[in-house]
Amino acid sequence: MYGNETVGYKTLKSDCSEESFPFKGAKGIVINSRQKKSALIVAKLLDFLALVSEPLEHDIICLPHGQQNLPQELLPLLEQYDNLILWFDNDSVSWGNAKMFTKKLSEGRCSLIRPLENQPAPYICLKNGYNIPTIVKSAQPVSHASIVTFANLREDVLTELYNSDKVSGVKWERFPALNGILKGHRRGELSILTGPTGSGKTTFMSEYSLDLACSSVTTLWGSFEIRNQRLAKTMMTQMFCAPLEKNLNKFNEWADKFERLPIYFMTFHGQQPLNTVMEAVEHATYVHDVAHVIIDNVQFMLGISSSEAGFLDRFSRQDALIASFRNFATTCNCHVTLVIHPRKERDGEQLTPNSIFGGAKAAQEADNVLIIQHKMSHASLKLRKYLQVAKNRFSGDLGIMPLEFDKEALSFRTKQK
Ligand SMILES: Nc1ncnc2c1ncn2[C@@H]1O[C@H](COP(=O)(O)OP(=O)(O)O)[C@@H](O)[C@H]1O
Ligand SMILES: [Mg+2]
């Protein structure tokens with residue numbers, strides 16, 4: 001509903017999957033109005049139905065696109081409420097998404113149901129016979145002052161402890177080894193991917209981000225090196241594990257499926273001023289609730305060529321870019337991945353975090369450093385590639401993941417043995 005008008009609908013299938021229509025354009029809410037000044041907001045229809053049957057002093061609202069996006073067109077609809085309580089799933093990813101939405105809804109009137117063991121999503125509470133009104137009463141206001149005491153922090157610490165055994169972040173379907181090392185993809189971090197020219201950085205990042213987008217990580221791609229249509233073609237090939245050229249009759253069917261993924265593309269190409277790009281990124285993040293921004297690659301965006309004179313200027317421009325994105329990742333609680341070329345290395349040498357173009361700043365500011373390495377296998381005399389996690393601020397675990405390339409599917413996906 002939007003006001004008194006029906007603007008779309010949601011379906012709930014017997015396997016509990018949900019869909020919204022229109023798929024991307026649905027800009028209304030599902031509401032059970034009890035004429036209250038306070039509303040309980042959930043992401044799933046199933047949770048909505050669970051709450052509707054409870055004796056609660058709140059309006060019950062279900063968002064049109066789950067945790068993926070809170071369209072800003074909904075904000076006027078929610079203005080009438082003095083108090084909004086968000087209740088999503090009890091894992092750390094949902095917790096991050098809920099906190100993100102409270103920024104848009106203005107934190108002062110928002111409370112959250114903590115993602116604790118005994119406070120799962122409403123539907124599960126209902127199934128397990130938990131007392132839903134008691135859980136709703138335990139909602140905690142979002143603290144938003146710039147200075148907090150431990151009293152404010154203790155709930156956050158407890159939440160982290162409860163969730164520490166769950167993988168803290170969104171997991172990759174195609175790269176189980178990365179889940180083992182990085183533990184998942186989290187909001188608010190800065191990752192850097194480097195590797196020699198032509199080593200597959202763009203191809204790998206395309207699949208890595210596609211995999212996350214398939215798990216509802218809203219993604220904004222800044223492809224400064226290759227055109228968006230080429231990138232989209234690579235991603236579609238990777239999604240369907242088959243070359244499009246040989247499957248032209250399936251194009252429309254596949255394109256319809258691909259279109260449903262939460263992926264946005266910046267229309268920039270080649271060199272752009274940093275401010276222009278930052279403005280576009282911040283705007284898109286606010287409007288679409290972007291959780292992952294990719295810049296491929298930093299040298300193309302800055303228009304740095306190896307022939308450019310004055311490397312001091314190049315370094316300082318790159319440092320400014322890294323500082324801007326670092327700050328953006330933290331303040332907007334969004335993950336940023338920067339693809340950066342390495343400095344010129346002598347042939348055959350392995351790259352290290354210090355090989356990143358521009359020197360120490362990049363490696364210092366990054367939470368994660370990923371490097372595509374080549375290694376000659378002595379046994380088969382074949383050039384093998386692997387992805388090295390050379391820095392990992394979250395858990396400290398380092399390691400490698402072999403990269404085997406499937407040329408038809410443009411995929412590095414780990415084959416099931
Ligand atoms: N491991 C690999 N083996 C063979 N070809 C690869 C491999 N990785 C990528 N490619 C191919 O090499 C080309 C360059 O890859 P690209 O991802 O653009 O590299 P980069 O972004 O590092 O310059 C692409 O055509 C890609 O399909
Ligand atoms: Mg590239």
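One-based numbering, in listed order, for ligands and for the atoms of each. Note that the coordinates shown come from a computational prediction; the quantities given were computed from them, not determined experimentally. Just so you know, residue 1 is the first one in the sequence shown, and it goes up from there.
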Exercise for the section: Would you check whether Thr197 has a nitrogen or oxygen atom less than 3.5 angstrom from a nitrogen or oxygen atom of ligand 1? Expected result: no
Exercise for the section: Would you check the N or O atoms of Phe412, main chain and side chain alike, for any that come under 3.5 Å of an N or O of ligand 1? Expected result: no
Exercise for the section: Report yes or no: does Gly198 have a heavy atom closer than 4.0 Å to ligand 1? Expected result: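 Judged by the 4.0 Å heavy-atom criterion, Gly198 does count as contacting ligand 1.
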Exercise for the section: Run the contact test for Ser206 against ligand 1 with a 4.0 Å cut-off on heavy atoms, strictly below, and give the result. Expected result: no
Handout entry: Of the listed options Tyr386, Phe204, Phe405, closest to atom 3 (N) of ligand 1 (non-hydrogen atoms)
Key = Phe405
Sub-4.0 Å atoms of ligand 1 with respect to non-hydrogen atoms of [X]:
X	result
Lys385	1 (N), 2 (C), 7 (C), 8 (N)
Gly200	8 (N), 9 (C), 15 (O), 16 (P), 17 (O), 19 (O), 20 (P), 22 (O)
Pro196	22 (O)

Can you say whether the rings of [X] and [Y] are parallel (under 30°), tilted (30 to 60°) or perpendicular (over 60°)?
X	Y	value
His292	His335	perpendicular
Trp172	Tyr208	tilted
Phe328	Phe325	perpendicular
Tyr264	His288	parallel

Problem - Within 45° cone and under 6.0 Å: Arg186 NZ/CZ vs Phe394 ring - result: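 Checked: cation-pi criterion met.
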Exercise for the section: With heavy atoms under 4.0 Å as the rule, classify the contact between Lys201 and ligand 1 as side chain, backbone, both or neither. Expected result: both
Handout entry: Thr202 N/O/S atom closer than 2.8 Å to the Mg ion (ligand 2)
Key = yes
Practice task
Give the residue, atom name and distance (to 0.1 Å) of the protein heavy atom nearest atom 16 (P) of ligand 1.
Solution key: Thr203 OG1, 3.5 Å
Practice task
Could you pull out the atom name of the N/O/S atom in Glu225 that is nearest the Mg ion (ligand 2)?
Solution key: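 Restricting Glu225 to its N, O and S atoms, the minimum distance to the Mg ion (ligand 2) goes to OE1.
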Handout entry: Interatomic spacing from CD1 in Ile226 to OG1 in Thr202 - rounded to 0.5 Å
Key = 5.5 Å
Handout entry: Beyond-backbone contact of Ile263 with Met235, side-chain heavy atoms, under 4.5 angstrom
Key =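 Sidechains of Met235 and Ile263: in contact.
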Problem - Verify atom 26 (C) of ligand 1: protein non-hydrogen atom under 4.0 angstrom away - result: yes
Problem - salt bridge (Lys or Arg N to Asp or Glu O under 4.0 Å) between Lys13 and Glu19, worked out - result: CA-CA 9 Å; Lys13 298 206 186 111; Glu19 266 190 297; 3.5 Å; yes
Problem - Ring centre gap for Phe204 and Phe175 strictly below 6.0 Å - result: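 Distance test on ring centres: under 6.0 Å, yes.
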